[in-house]
Amino acid sequence: MENLIKFKTIPSTNLYLKENFAKLKDRTIVLADHQTNGRGRLQRNWKDDDDLLFSILLKDNLKGNITNLSLLAAASIYKTLIKHLENVKIKWPNDILVNEKKISGILLESIISSKVDCVIIGIGINVNTRDFKDDLSKKATSLFLETSVLYNKESLFEELLRDFFYEYELYLQEKSDYLNICRENSYLIGKNVLLMIDEKTKEARVLNILDNGNILLLIDGKEVEMNYGEITLTGVY
Ligand code: BTN
């Protein structure tokens, strides 16, 4: 087992690793029952209600395109969830959906000095959530809501870690099939989307996910490659 640090309540497992990475080992995992300041992409908050909330610290072997680690995590979460659920899709770059509703989000952060010092992969999974507040109920789901089964969070966590590190070992040997898993189970490929690019709304068709982790779009009849820092998806249809 990798190094595991558990908290009952903490502001954010990602933040904890960002502040403490220097004294922690590669593959340290921080798990929390609750977060008071759970962070999501695009400055969004992550809710805190019967979820699995954890972050994985990677310090060694950080070569190549580190943003692909978000897709690697998505593929490994997919592999875990598909054992329990049907209709699991990966929504590039960092969400997992079940029946078109979000069940898991990934927040990849890194600390870069003269080199990449560390990558932190934060993962939130809605496990036994029974209801979502307000608007969220239309957009989010949980394992419980999909299956009517109350899950043992500890064993699911162990399964997720086992699947992640299995895939990560393959990734280090350049043998992981994670990109194909993301393509074959993509929620977006083949769909039309609305994007915010440089504060302008654009319509596009999603063509593919490229080997470098970027998305290939058809915008105004032209193929355009973009990374996830460059665009915000505002609609899918
Ligand atoms: C997103 O959907 O925008 C990403 C959500 C990531 C949430 C997880 S919960 C555990 C880890 N700690 C955080 O503060 N965020 C991530």
Side-chain angles (χ1 to χ4, degrees), residues 2-21 24 27-58 66-78 80-81 88-98 100-111 118-129 132-133 135-143 151 153-154 156-158 160-161 164 182 186-188 195-196 213 215 227-234 236:
E2 294 73 23
N3 311 297
L4 176 62
I5 306 174
K6 285 187 188 177
F7 288 95
K8 192 116 202 84
T9 303
I10 193 176
S12 148
T13 54
N14 265 37
L15 191 61
Y16 179 87
L17 285 178
K18 275 180 117 174
E19 289 173 349
N20 295 286
F21 77 92
L24 297 171
R27 303 186 186 205
T28 296
I29 296 129
V30 180
L31 173 71
D33 285 340
H34 299 283
Q35 294 183 129
T36 51
N37 190 19
R39 294 133 56 99
R41 269 187 81 227
L42 313 170
Q43 279 77 51
R44 293 180 188 133
N45 291 329
W46 181 260
K47 66 163 197 65
D48 171 57
D49 179 17
D50 230 343
D51 302 342
L52 262 177
L53 310 163
F54 62 101
S55 301
I56 301 169
L57 174 70
L58 298 177
I66 53 170
T67 57
N68 276 32
L69 289 167
S70 179
L71 295 176
L72 179 79
S76 83
I77 296 168
Y78 170 87
T80 307
L81 293 182
V88 183
K89 295 279 172 199
I90 298 171
K91 184 173 168 209
W92 181 93
N94 72 321
D95 290 345
I96 312 292
L97 311 184
V98 176
E100 313 227 334
K101 291 181 172 181
K102 180 158 165 171
I103 197 162
S104 171
I106 300 160
L107 176 64
L108 185 100
E109 298 189 275
S110 56
I111 295 184
C118 71
V119 168
I120 294 156
I121 305 174
I123 297 172
I125 301 189
N126 302 325
V127 182
N128 291 325
T129 321
F132 290 93
K133 288 189 197 89
D135 261 16
L136 221 51
S137 65
K138 291 190 207 105
K139 297 187 207 152
T141 191
S142 68
L143 275 124
Y151 275 77
K153 288 208 283 182
E154 205 155 300
L156 187 68
F157 174 60
E158 281 168 16
L160 285 157
L161 284 187
F164 175 80
C182 290
S186 168
Y187 176 66
L188 291 180
L195 306 170
M196 284 291 284
I215 199 161
N227 69 45
Y228 76 72
E230 290 171 316
I231 53 173
T232 308
L233 277 178
T234 58
V236 181

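In each ligand, atom 1 is the first atom listed, and ligand 1 is the first ligand listed. Position 1 is the first residue of the sequence, and the numbers go up from there.
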message = Just by distance, no angles: are the side chains of Ser55 and Thr13 close enough, under 3.5 Å, to form a donor-acceptor pair?
response = yes
query = What residues, two or more places apart in sequence or in another chain, satisfy ring-ring contact (aromatic ring centres under 6.0 Å, His included) together with Tyr187?
reply = none
ask   = Can you tell which part of Leu15 has a heavy atom less than 4.0 Å from ligand 1: side chain, backbone, both or neither?
value = neither
Could you tell me, atom by atom, which parts of ligand 1 come under 4.0 Å of a heavy atom of [X]?
| X | result |
| --- | --- |
| Ser55 | 11 (C), 12 (N) |
| Gly40 | 1 (C), 3 (O), 4 (C), 5 (C) |
| Gly124 | 8 (C), 9 (S) |
| Ile106 | 4 (C) |
| Gly38 | 14 (O) |
| Thr13 | 10 (C), 11 (C), 12 (N) |

inquiry  = Considering both backbone and side-chain atoms of Ser12, is one of its nitrogen or oxygen atoms within less than 3.5 Å of a nitrogen or oxygen in ligand 1?
reply    = yes
message = Would you say that Ile120 contacts Ile56 through its side chain, given a criterion of any heavy-atom pair below 4.5 Å between the two side chains?
response = no
query = How long is the span from the CD1 atom in Ile121 to the CD atom in Glu109, to the nearest 0.5 Å?
reply = 11.5 Å
inquiry  = Tell me which pairs pass salt bridge (Lys or Arg N to Asp or Glu O under 4.0 Å) where either residue lies in residues 4-15, with sequence neighbours left out.
reply    = Lys8-Asp33
request  = Would you check, one step at a time, whether the test side chain to side chain contact (heavy atoms under 4.5 Å, CB included) holds for Ile123 with Leu52?
outcome  = CA-CA 8 Å; Ile123 297 172; Leu52 262 177; over 6 Å; no
